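The structure under discussion appears below in the form of structure tokens.
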Number of protein chains: 2
Amino acid sequence: MNMNATLSALAEPNRLHIVELLRDGPLPVGDIADRLHLQQPQVSKHLRVLHDAGLVGMQPAANRRIYKLETRPLQELDAWLGSFRRVWEDRFDQLEDYLQELQSKAKKPDGD
Amino acid sequence: MNMNATLSALAEPNRLHIVELLRDGPLPVGDIADRLHLQQPQVSKHLRVLHDAGLVGMQPAANRRIYKLETRPLQELDAWLGSFRRVWEDRFDQLEDYLQELQSKAKKPDGD
DNA sequence: AGGGAATATTCCTGTAAAGGAATGGCTGAA
DNA sequence: TTCAGCCATTCCTTTACAGGAATATTCCCT
């Protein structure tokens, strides 16, 4: 959807942790709460945010709700980052920085 | 440094916009304020956050301060996303597996 | 139908953060 | 030295959000 939702959702440490947890496979709410040492209600609330952001999907299984990672938003984030890759792959900028750094250091070889 | 700072900084629309603006090259504060239709103080405050997160660097030039994009945090974010690439490249439906596993475990203890 | 387990929701409170307005600090020029 | 432009900081107010505790809901089992 919009990347703002994705970034906002991931900007919370516990939610980021949940996403990392789900990277290895789907989990029910209770397991997440266990592994992250969180209260169940907080986990449910975080999952709601992640779900609204499209970052997780849910499938009921009997008593429980199994949450799984949804990769679309991450792929979009990846695509967005892609537009910056050319920046850090561009040698010009870094070369310039490097030369300037070299120059200042060259003036005081022993310096500190 | 820590990705939390990066994500938090980018989770604000105006800051995200600033970063996108700087992707095309360094800019002084006033220009950023102009192009984003923001007040100068707000821009300075956002730049401070971005700077604290390591997302931008600054170089004074006479009267002005030229801000430029710093790509390290974005590269780290990219690396983090890399650990998820295998997930969306994976064609197996892990949820299905998990549900089947659940089902077989549920049947065992009491029989049927 | 009743009970228990797993999960979602609500209410409350504290805190962090964003925007607006005003101000302070530098820098170059006359 | 004084002025003017550019930028950073502070104060204030409002809003959003996270955690805790309690409660509602849904499902399975007997």
Side-chain angles (χ1 to χ4, degrees), chain A residues 2 4-19 21-22 26-68, chain B residues 2 4-19 21-22 26-68 95 98-112:
Chain A
N2 65 345
N4 188 1
T6 304
L7 290 168
S8 296
L10 296 178
E12 211 283 331
N14 290 319
R15 283 197 293 263
L16 187 69
H17 208 159
I18 290 179
V19 166
L21 215 52
L22 294 181
L27 284 177
V29 178
D31 284 24
I32 299 176
D34 266 9
R35 304 204 196 185
L36 268 61
H37 305 287
L38 293 175
Q39 311 272 49
Q40 172 267 317
Q42 328 303 334
V43 172
S44 282
K45 283 187 275 190
H46 283 311
L47 283 171
R48 178 168 166 75
V49 175
L50 290 171
H51 185 265
D52 287 351
L55 276 161
V56 303
M58 188 269 282
Q59 172 160 352
N63 224 357
R64 304 183 273 190
R65 315 247 176 138
I66 314 298
Y67 282 86
K68 65 167 282 202
Chain B
N2 67 343
N4 188 1
T6 303
L7 290 168
S8 296
L10 296 178
E12 211 282 332
N14 290 318
R15 283 197 293 264
L16 187 69
H17 208 158
I18 290 178
V19 166
L21 215 54
L22 294 181
L27 284 177
V29 177
D31 285 23
I32 299 176
D34 266 8
R35 304 204 196 185
L36 269 60
H37 305 285
L38 293 174
Q39 311 271 48
Q40 172 267 315
Q42 327 304 335
V43 173
S44 282
K45 282 187 275 190
H46 284 311
L47 284 170
R48 180 168 165 74
V49 175
L50 290 171
H51 185 266
D52 287 351
L55 277 161
V56 302
M58 190 270 282
Q59 173 161 352
N63 223 357
R64 305 184 273 189
R65 315 247 176 137
I66 313 296
Y67 281 85
K68 64 168 280 200
L95 178 58
Y98 183 78
L99 290 181
Q100 278 210 336
E101 193 176 355
L102 258 191
Q103 211 167 16
S104 18
K105 279 183 185 171
K107 282 188 179 178
K108 278 190 180 175
D110 277 33
D112 179 24

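All of these numbers come straight from a predicted model, not from anything done at the bench. Below, chain A is the first sequence line, B the second, and so on; all start at residue 1.
Going from atom CD1 of Ile32(B) over to atom NE2 of His17(B) covers 11.0 Å, rounded to the nearest 0.5 Å. Taking CD1 of Ile66(A) as the reference point, atom CG of Leu27(A) lies at 8.0 Å (rounded to 0.5 Å). To the nearest 0.5 Å, atoms CD (Glu12(B)) and CG (Leu7(A)) are separated by 11.0 Å. Separation of atoms CG (Asp31(B)) and CG (Leu22(B)) is listed at 10.5 Å; rounding is to 0.5 Å.
The CG atom of Leu10(A) sits 12 Å away from the P atom of dA18(D) (whole-angstrom rounding). The interatomic distance linking Asn14(A) (CG) with dC17(D) (P) rounds to 16 Å, in whole Å. To the nearest angstrom, C1' of dT7(C) lies 16 Å from CD of Gln59(A). Arg48(A) places its CZ atom 16 Å from the P atom of dG19(D), with the value rounded to the nearest Å. At whole-Å resolution of the value, CE in Met58(B) and C1' in dC7(D) are 10 Å apart. Put simply, CG on Leu16(A) is 13 Å from P on dA18(D), counting in whole angstrom units. Rounding to whole angstrom units, CG of residue Asn4(B) and P of dA18(D) are separated by 12 Å. What separates CD of Glu12(A) from C1' of dA17(C) is a distance of 15 Å, to the nearest Å.
The minimum heavy-atom distance linking Ala9(A) with Arg15(A) is given by the pair O-NE, 2.7 Å. What you find for Val56(B) and Leu47(B) is that their closest heavy atoms are CG2-O, 4.0 Å. The shortest heavy-atom contact between Ser8(B) and Ala11(A) is OG-O, 3.6 Å.
Listed candidates were dA8(D), dG19(D), dC28(D). Nearest to the side chain of Ala62(A) is dC28(D). Checked against dA8(D), dA21(C), dA5(C), the side chain of Tyr67(B) finds its nearest nucleotide in dA8(D).
One donor-acceptor pair, N or O on each side, does fall under 3.5 Å between the base of dG5(D) and the side chain of Asn63(B).
Non-hydrogen atoms lying under 4.0 Å from DNA chain C are contributed by Gln39(B), Pro41(B), Gln42(B), all within residues 28-42 of chain B.
One finds a side-chain N or O of His46(A) lying less than 4.0 angstrom from the OP1 or OP2 phosphate oxygen of dG19(D). Checking the phosphate oxygens (OP1, OP2) of dC26(C), no side-chain nitrogen or oxygen of Arg65(B) falls inside 4.0 Å. Contact annotation: Arg64(B) side-chain N/O to dG28(C) OP1/OP2 distance is not under 4.0 Å.
Each of Lys45(B) and Lys45(A) lies near DNA chain C, and the nucleotide nearest Lys45(A) is the one positioned closer to the 5' end.
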